[in-house]
K.L.:
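So that we are looking at the same thing, I have put the structure below in structure tokens.
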Amino acid sequence: MRNRASFLVPAALMAVVIGCEQPQARFELTERTKDLMSPARTAVADAVEENFGTPNDLVAWLRFPIRYGVHPGHVAGGDGTVSADSFPAEFDEPVASDLSGAALRFTSGKYQGQQVPVGQFDADAGQLVLGAVLDPPVEQDTQFQVVGDVLQHGRMLYMTHCMHCHGVSGDGEGPTAQYLNPRPRDYRLGIYKFTSTKQTDKASTDDLQRTVKQGIPGTYMPSFMLLKDDELAAVVEYVRFLSIRGEFEKKLVDELYGDYSTAAVNDRLESGESEDEIESQLTAYIQDDLPSTVDFASSDLASSWTNADTEAAVVVPEKSRVPDTLESRKRGRALYVSDRTKCVTCHGPKGRGNGSATNDYWKVPGSNETYDSRGLHDLWGNKLSPRDLTRGIYGGGRRPIDRYRRVYAGIKGTPMPAFGGTVLKDDEIWDLVNYVMSIPFESEQPSPGNEQLAVTVSDQPR
Amino acid sequence: MAKSWCIFFIFWPTLALAVCWMAPAWGWWFPGDAASTLGARIDDLFYLILIIVSVVFVGTHVGLAYVLWRGSSFNEPKALFTHGSHNLEVIWTIVPSGILLFIALYQMDVWADYRVQSAFPPEAVRAPVAEVTARQFEWRIRYPAPGKTLQLTPQPDDLYTVNDLHIPVGRPVMIQLRSDDVQHSFFVPMLRVKQDAVPGLVIPIWFDSVRSDTYELLCAELCGWGHYKMKARVVAQSDANFKSYLAELHREQFDDGVPSAATESSEAAETASKSE
């Protein structure tokens, strides 16, 4: 015993001195990427890493509408000294944030086009220390821009507040995710449930900020009300960055998956193709076609995310809310049970979220297979209960405009369809909204003799 | 060497007094003076007890040090041996009991005002300002519509916020505290309010703020892995500001998204303040 104890003490001391090894944060590839044959997987992984970097060494690809934080400036004259690794800097606009670790790119002079990391910037002294040595030193009036401080700030906040559920890569697989139902959002499909934008549009920056600020009632997503405005903006930019990164990877994999997934390769081998043939085809594809795929995927992403922040993407009712009267609620109820909306199928006759659809086996979208379990599923493959409308808890917010947008544009990534523009007119949507918002206040007792379908329409003032 | 025990016993009260003396300057003391009337009285109780125990603690150690000092010199006559003294024992039982009894009786008023519902300020009980529901890991707040009274069950015109409790300044307010899931604790250190939120119970608590200010609201009961992030704010503001806050909340909550002249101008003001 004594011997063992005498061994343990120095061991414990060593552990204290050396410390436990910090696990290195890294972006994980998706399951589909991992399922590609090895050269294809490497090509995708390389393309993604080249354009987005790693968690500790992010790449700001200016093609995307992400507010990385861009600060143009030039090498100033004056009192400061220009040396190989520092120079007096003057920014076009005053810089208050921490620039250390951001990228500095020269836009004129002999280093034009070259990049160096910023060591630190002392705003009071106006002296910028580089994280690298430039020999010979830069000349006065050389133009440059410092990029990425907002993204960096966002990453820090994300790692503190979001990572433990949403994961380092934004895949919704953080260490606490397994305890949660509903599961945390996997950003990598670029789809967010509760938005103010039209059905086919991405989430706007305002939508994501609102979600972070308000939380999502009825889920584990808490409110981060006390984040400062710049912190909120930074963390949302980082989430958009992760989203775009994930989608970029998905788009590349989509191109390759049909021909080079494990299953596809096996099929091809069985049908008589040789392994060399497949590999040389793949090599040719990677050399000739992948660059244009990268180009196409990124421009597509850039335009769809840019579009989400435009006014045209936002759902704005043409008519104001129909007065919340008993008649309006009755019309809404009629729509609720009608064949045009089929609300009842999922949300149930009394709005308890127990419609007949929750007992059916549903098809996996884009395939002929059905899910293993009964009931509705979302795009991420998780089982999903239709909202119980009697509880008065609304994930996307309780304002009438929020309810309107849910009906108009649906809930993205879920079976909740979009009724706006085609199926329902503005007045009808408002009737439906008025009815849905009155459901939690309906009287509990069904009228006698008609238990099955009885619903009392509440006439309390809103 | 013989006197080292004297130094040992005199060292601790000296250190304790020195640390107490310096603590406020180091920020080791209360987070500022109590910002509520009840809080000031709670602080007074704390200081009273602190003084009593300090006197006893310092006195005991000085006594110990003195006895050891005397005993360590060899020119003293032989020490007296005794089997105990009945009178002395009666004294050292009665004096501390008296002190404890005094503390027990003296604090009853504060305790009653804080915890006994019949002693709550009637104006606070008449119109609870909000219902605060603790939930993993945030505070959800429900106000009655302007001009209405808070009901126990949600009403169609209630106003909702999260992590942001506003109260009128300068008068007692009452909130109804509940929990959605596990046990939490409503803790506003500056107002000296701490009350557990227990699933299944609606617990009324009252407090006031003597000045317009923003306070931290924390969860003081380990409620799960996200306990640390369960942080909100309490904003104490003038009656007029509180009313306009509720009116603004009402306007926002019943917003139908159709731009009207009024909302457009306020949105313009918002963007202007954001870009500042």
Side-chain angles (χ1 to χ4, degrees), chain A residues 160-162 164-165 175-176 179-180 196 209 213-227 229-230 232-233 311 314-322 324 391-394 397-405 408 426 429-430 433-434 437-441 458-462, chain B residues 133-142 145 148 151 153-166 180-181 214-219 223-235 249-260 262-264 267 270-271 273-276:
Chain A
T160 310
H161 297 295
C162 322
H164 59 80
C165 289
T176 44
Y179 306 113
L180 310 185
S196 64
Q209 290 198 0
K213 209 164 179 173
Q214 301 285 330
I216 303 180
T219 75
Y220 271 97
M221 173 73 186
S223 148
F224 293 91
M225 177 67 104
L226 299 189
L227 286 183
D229 281 352
D230 65 320
L232 183 70
E311 257 177 46
V314 179
V315 174
V316 178
E318 279 168 23
K319 294 183 181 170
S320 24
R321 183 181 181 187
V322 172
D324 185 17
R391 296 186 62 204
I393 295 174
Y394 308 106
R398 58 168 55 251
R399 299 176 302 176
I401 179 61
D402 296 326
R403 318 301 333 129
Y404 177 93
R405 283 172 179 155
Y408 187 98
D426 253 30
I429 296 183
W430 282 126
V433 167
N434 287 341
M437 288 177 74
S438 77
I439 292 178
F441 308 104
S458 164
D459 58 358
Q460 286 193 50
R462 60 164 205 194
Chain B
T133 306
R135 166 177 184 269
Q136 281 173 329
F137 299 99
E138 62 188 5
W139 302 91
R140 294 218 157 247
I141 292 143
R142 178 169 70 91
K148 294 204 177 174
Q151 306 293 315
T153 51
Q155 300 299 305
D157 52 0
D158 282 340
L159 305 174
Y160 293 83
T161 59
V162 58
N163 285 354
D164 193 15
L165 175 63
H166 287 239
D180 243 8
D181 32 46
T214 301
Y215 309 110
E216 248 180 1
L217 160 59
L218 308 158
C219 179
C223 58
W225 51 265
H227 170 61
Y228 70 95
K229 63 170 74 178
M230 208 168 152
K231 197 165 124 183
R233 67 171 182 221
V234 177
V235 180
L249 211 56
H250 188 272
R251 193 193 63 72
E252 191 190 314
Q253 194 157 313
F254 293 98
D255 176 18
D256 65 3
V258 179
S260 66
T263 53
E264 262 174 12
E267 265 169 23
E270 248 175 50
T271 30
S273 68
K274 255 185 199 169
S275 60
E276 267 169 23

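All heavy atoms count here, side chains included; hydrogens, waters and symmetry mates do not. Residue numbers begin at 1 in each chain, while the letters A, B, ... track the order of the sequences.
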K.L.:
Can you see which heavy atom on B:Gly257 is nearest to which on A:Pro317, and at what distance?
P.N.:
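Shortest heavy-atom separation between B:Gly257 and A:Pro317 comes out as O-CD, 3.9 Å.
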
K.L.:
Kindly determine whether B:Val258 and A:Lys319 satisfy side-chain contact (heavy atoms from CB on, under 4.5 Å), including the steps that lead there.
P.N.:
CA-CA 7 Å; B:Val258 179; A:Lys319 294 183 181 170; over 6 Å; no

K.L.:
Sequence neighbours excluded, which residues qualify as side chain to side chain donor-acceptor pair (under 3.5 Å) partners of A:Tyr404?
P.N.:
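For A:Tyr404, the residues satisfying side chain to side chain donor-acceptor pair (under 3.5 Å) (neighbours in sequence not counted) are A:Asp426.
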
K.L.:
For B:Asn163 and A:Phe224, what are the C-alpha separation, side-chain angles and deciding distance, and is it a side-chain contact (heavy atoms from CB on, under 4.5 Å)?
P.N.:
CA-CA 8 Å; B:Asn163 285 354; A:Phe224 293 91; over 6 Å; no

K.L.:
Sort out for me which of A:Thr219, A:Val315, A:Asp402 touches chain B most, counting heavy-atom pairs under 4.5 Å.
P.N.:
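Sorted descending by pairs with chain B, the first entry is A:Thr219.
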
K.L.:
Against the six-membered ring of B:Tyr160, is A:Arg398 placed for a cation-pi contact (under 6.0 Å from the centre, within 45° of the normal)?
P.N.:
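The answer is yes, since A:Arg398 meets both limits relative to B:Tyr160.
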
K.L.:
Could you work out, with salt bridge (charged side-chain N to carboxylate O under 4.0 Å, His left out) as the rule, every residue matching B:Lys229, not counting sequence neighbours?
P.N.:
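None.
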
K.L.:
Top residue by heavy-atom pair count (under 4.5 Å) with chain A, among B:Glu138, B:Gln136, B:Lys231?
P.N.:
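Most pairs with chain A among the choices: B:Glu138.
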
K.L.:
Would you give the length of the straight line joining atom CH2 of B:Trp225 to atom NE2 of A:His164, rounded to the nearest 0.5 angstrom?
P.N.:
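Here the rounded value is 5.0 Å.
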
K.L.:
At their closest point, which heavy atom of B:Val162 faces which heavy atom of A:Met225, and how far apart are they?
P.N.:
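Residues B:Val162 and A:Met225, closest heavy atoms: O-CE, 3.3 Å.
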
K.L.:
In terms of heavy-atom pairs under 4.5 Å with chain B, which of A:Gly215, A:Pro217, A:Cys165 leads?
P.N.:
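Top count of heavy-atom pairs under 4.5 Å with chain B: A:Pro217.
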
K.L.:
Angle class for the B:Phe137/A:Tyr220 ring planes (parallel below 30°, perpendicular above 60°, tilted otherwise)?
P.N.:
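Tilted: the ring planes of B:Phe137 and A:Tyr220 meet at 30° to 60°.
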
K.L.:
What heavy-atom pair brings B:Tyr228 and A:Thr160 nearest, and what distance separates the two atoms?
P.N.:
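It is OH-O, 3.7 Å.
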
K.L.:
Could you tell me which portion of B:Ala145 (side chain, backbone, both or neither) has an atom closer than 4.5 angstrom to a non-hydrogen atom of chain A?
P.N.:
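Neither the backbone nor the side chain of B:Ala145 comes within 4.5 Å of chain A.
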
K.L.:
If you draw a 6.0 Å radius around CZ in A:Arg399, do more than 12 non-hydrogen atoms from other residues or ligands fall strictly inside?
P.N.:
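For A:Arg399, atom CZ is crowded (more than 12 foreign heavy atoms under 6.0 Å).
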
K.L.:
Taking every heavy-atom pair that is under 4.5 Å apart, which of B:Met230, B:Arg233, B:Arg140 has the most such pairs with chain A?
P.N.:
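Maximum pair count with chain A is reached by B:Arg140.
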
K.L.:
Considering all heavy atoms of both residues, which atom of B:Asp256 and which atom of A:Ser320 are nearest to each other, and what is their separation?
P.N.:
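Closest pair (atom of B:Asp256, atom of A:Ser320, distance): OD2-CB, 3.1 Å.
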
K.L.:
Evaluate the side-chain proximity of B:Asp255 to A:Pro400: yes if any heavy-atom separation is below 4.5 Å, no if none is.
P.N.:
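They are not in side-chain contact.
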
K.L.:
Distance from A:Ile401 atom CD1 to B:Gln253 atom CD, nearest 0.5 Å?
P.N.:
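With rounding to 0.5 Å, CD1 (A:Ile401) is 14.0 Å from CD (B:Gln253).
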
K.L.:
How close do A:Ile216 and B:Arg135 get, heavy atom to heavy atom, and via which atoms?
P.N.:
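Minimum heavy-atom contact is O-NH2, 4.3 Å.
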
